Amino acid sequence: MKALYIAYYTALRNIRDYRNLSTMLALPIVTIFILGSALSGSFKIENIDPVKVVLVNEDSGELSAGLESFLLSPDIKKIMEIDRVDDFSEAMDRVKQDKAVSLIHVEKGSAGEIKVYKSNSNPFKDSVVQNVLDSFVKSANAEYAYAKLGSKASGAHFTQNIREEAVGTDGKVPSALDYYAVSMLIMTMMYGTTYGCAAMSEERFYKTEIRLKSAPIASYEIYIGKVAGTILTLVLDGAVIILFTKYADNVSWGSRIPVILLACLSLSVLAAGLGIAGFMLIGDENKTQALLSIMVPVFTFLGGGYIPVQYMSPAMEKLSFLSPNHIGQRIMLNTIFEGNMIQTRNYLLILWAASLLLFALSALKGRRDLA
C-alpha cells in the first residue's frame, strides 16, 4: 500500500511539472506533423519505374539462352530494364556505383547456376529481381520435369505467368504520418529515462534521503513506488499522443489498441529501468542526464526514427537491432498493419528481459550502497 502512495505522488509530481510535461508532449506532436507532412511523398508508391539490372551471360547453353530470351521479352521489359554487359568487373562496378540494382551472372559451363549480386540500396527493387528470377527457375524446372518424364513440352511460355493487376496500398503500409507517429511515440517513451533518473536522485537533491531511510517503510517499497510512478507517467504520456494523433492527424493505430498499449508499457518499463540503472551506476544526476540525452537520439536514429532502416547501409541495418527503438517500432508496425505476430511476441519478450536485467542491476547496486 505504501508503494502505491509513492507511485501515485511520483506520477502526480511528474504531471504537475508542466514545463517538462509540455516538452514531452508538444515536441513529438509537432515533429510528427512536420516530418509526416514534409516526407509524405516518400511513403507513397505512385509509379514503379523499371528496375535497372545488368546481365552478364558467359554461357552458350540452352538454359542461358532461355534466360536471356526471358529477360529481354516485352513483358519483363515493363518491370526490368536489362543492360547486357560482357565484362563482369564492369557490371559489378555499375552495381557498386548504384547505376544498377542487381547483377545477374551466368558463368561459362555453370550447369544452369544463376548468380545474383544485389546492391541492397532498395529492398523493394531487389525483391522484384528475385521474384522474376524465381518465376523463370520454376518454369524451367517444370520444362525439365516434362522432358525427364518423356512427356511433350508443356507448351507454357515464360511470359504467360505475368498478370497485370492494380495493387492498392491504403491501410497496408504506413503513411508518413503513421510512420513518424510510431517513431516519435517510441522516442517519447525512451526520453522517459530522465524520469527514472530523476525519481532516484530527487531524494538526494532535496536532502530527504536520510529521513526516508529512517521512516517505517522498506527500501524496496520506495524503489517499487518510484518505478511504478515513472512507468505510469510514461504510459499516460503515450496515451495522450496516441489519442491526439488519431483524431487530430488521422493517424492509423489499427484495431489492436491493447497490444499498442502493451508495447507502450514495455517501452516505459525499459526506459525507467535504463534511467534508474544509469543513475545507480554513475551516482551523479547531471552526468547521468547528459549521457541519457545523448543515448536517446542515437537510439532513435539507429532505430529508424528519422530515416527508415531499409534506406540505411547494411552495416547500419545490423546496428539497428541494438536499438530498443527499432524493436518497439517493429512491434507497433507489425501490430497496426497485421505483420508477423510471432516476431512481435519475441520482441516483447526481449524488451521485458532487458528491463528485468536493468532492474536487477540497479537493485544490486542499491543494496551494496546501503551496506
Side-chain angles (χ1 to χ4, degrees), residues 42 45-149 153-165 167 173 302 304 307-322 326:
S42 303
I45 304 175
E46 297 177 348
N47 185 33
I48 302 174
D49 295 325
V51 179
K52 293 184 179 181
V53 178
V54 184
L55 171 64
V56 179
N57 188 1
E58 300 171 346
D59 194 46
S60 57
E62 183 180 351
L63 183 66
S64 63
L67 172 64
E68 189 165 338
S69 175
F70 172 72
L71 293 176
L72 297 177
S73 63
D75 283 331
I76 295 299
K77 284 183 177 180
K78 293 179 182 179
I79 56 175
M80 285 173 56
E81 182 181 326
I82 306 296
D83 189 5
R84 200 179 188 286
V85 177
D86 294 328
D87 184 57
F88 175 77
S89 298
E90 179 188 344
M92 184 61 75
D93 288 338
R94 291 193 189 185
V95 175
K96 290 179 180 179
Q97 296 168 8
D98 288 332
K99 293 181 179 179
V101 172
S102 298
L103 162 61
I104 300 174
H105 186 206
V106 182
E107 294 181 279
K108 187 175 182 180
S110 60
E113 183 181 6
I114 302 170
K115 295 183 178 179
V116 182
Y117 301 88
K118 303 175 184 178
S119 65
N120 289 324
S121 60
N122 190 312
F124 173 75
K125 291 184 178 181
D126 287 341
S127 69
V128 171
V129 177
Q130 190 63 51
N131 287 332
V132 168
L133 288 177
D134 286 345
S135 176
F136 170 79
V137 170
K138 289 177 182 178
S139 299
N141 287 340
E143 293 286 342
Y144 179 75
Y146 273 104
K148 290 291 287 183
L149 293 171
S154 65
H157 298 285
F158 292 130
T159 56
Q160 288 181 349
N161 54 15
I162 297 176
R163 295 184 302 173
E164 295 184 8
E165 294 183 5
V167 178
V173 295
L302 289 177
I307 304 171
V309 172
Q310 59 264 33
Y311 297 121
M312 296 181 180
S313 66
M316 292 297 292
E317 193 170 346
K318 291 178 181 177
L319 283 175
S320 68
F321 287 95
L322 298 176
H326 176 70

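Position 1 is the first residue of the sequence; numbering continues from there. These numbers were taken from a predicted model, which means no experiment stands behind them.
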Check your understanding: Short question: side chain of Ser69, backbone of Gly66 - any donor-acceptor pair under 3.5 Å?
Key -> no

Point to revise | Between CG on residue Asp86 and CG on residue Leu55, distance to nearest 0.5 Å | key: 9.5 Å

Practice item. For residues Glu68 and Arg84, determine if any side-chain heavy atom of one lies less than 4.5 Å from a side-chain heavy atom of the other. Key: yes

Revision key, fill the gap. Distance col, row Lys118:NZ vs Ile104:CD1, nearest 0.5 angstrom, shows 10.5 Å

Check your understanding: Looking at CD of Glu58 and CG of Asp87, how far apart are the two atoms once the value is rounded to the nearest 0.5 Å?
Key -> 8.5 Å

Review point. Between Phe136 and Phe70, how do the two ring planes meet: parallel, tilted or perpendicular, split at 30° and 60°?
Key: tilted

Revision key, fill the gap. With sequence neighbours left out, the residues meeting side chain to side chain donor-acceptor pair (under 3.5 Å) with Lys77 are none

Review point. Taking all non-hydrogen atoms of both residues, which atom of Leu302 and which atom of Ser320 are closest, and how far apart?
Key: O-CB, 3.0 Å

Point to revise | Approximate separation, where rounding is to 0.5 Å, of Lys99 NZ and Asp93 CG | key: 9.0 Å

Exercise for review: To the nearest 0.5 angstrom, please state how far the CD1 atom of Ile82 sits from the CG atom of Asn57.
Suggested key: 11.5 Å

Revision key, fill the gap. Applying salt bridge (charged side-chain N to carboxylate O under 4.0 Å, His left out) to Glu81 and not counting sequence neighbours gives none

Revision key, fill the gap. Nearest heavy-atom approach of Ala100 to Val54 is CB-CG2, 3.4 Å

Exercise for review: Quick one: pull up CG in Leu72 and CE in Met80 and give me the separation to the nearest 0.5 Å.
Suggested key: 9.5 Å

Check your understanding: Is there side-chain contact between Leu319 and Met312, with at least one heavy-atom pair below 4.5 Å?
Key -> no

**Study point:** Atom of Ile76, atom of Leu71 and distance for their closest heavy-atom approach
**Key:** CG2-O, 3.3 Å

Point to revise | Set of residues satisfying ring pair (Phe, Tyr, Trp, His ring centres under 6.0 Å) with respect to Phe88, sequence neighbours excluded | key: His105, Tyr117

Point to revise | Which atom of Leu103 lies closest to which atom of Met92, heavy atoms considered | key: CD2-CE, 3.8 Å

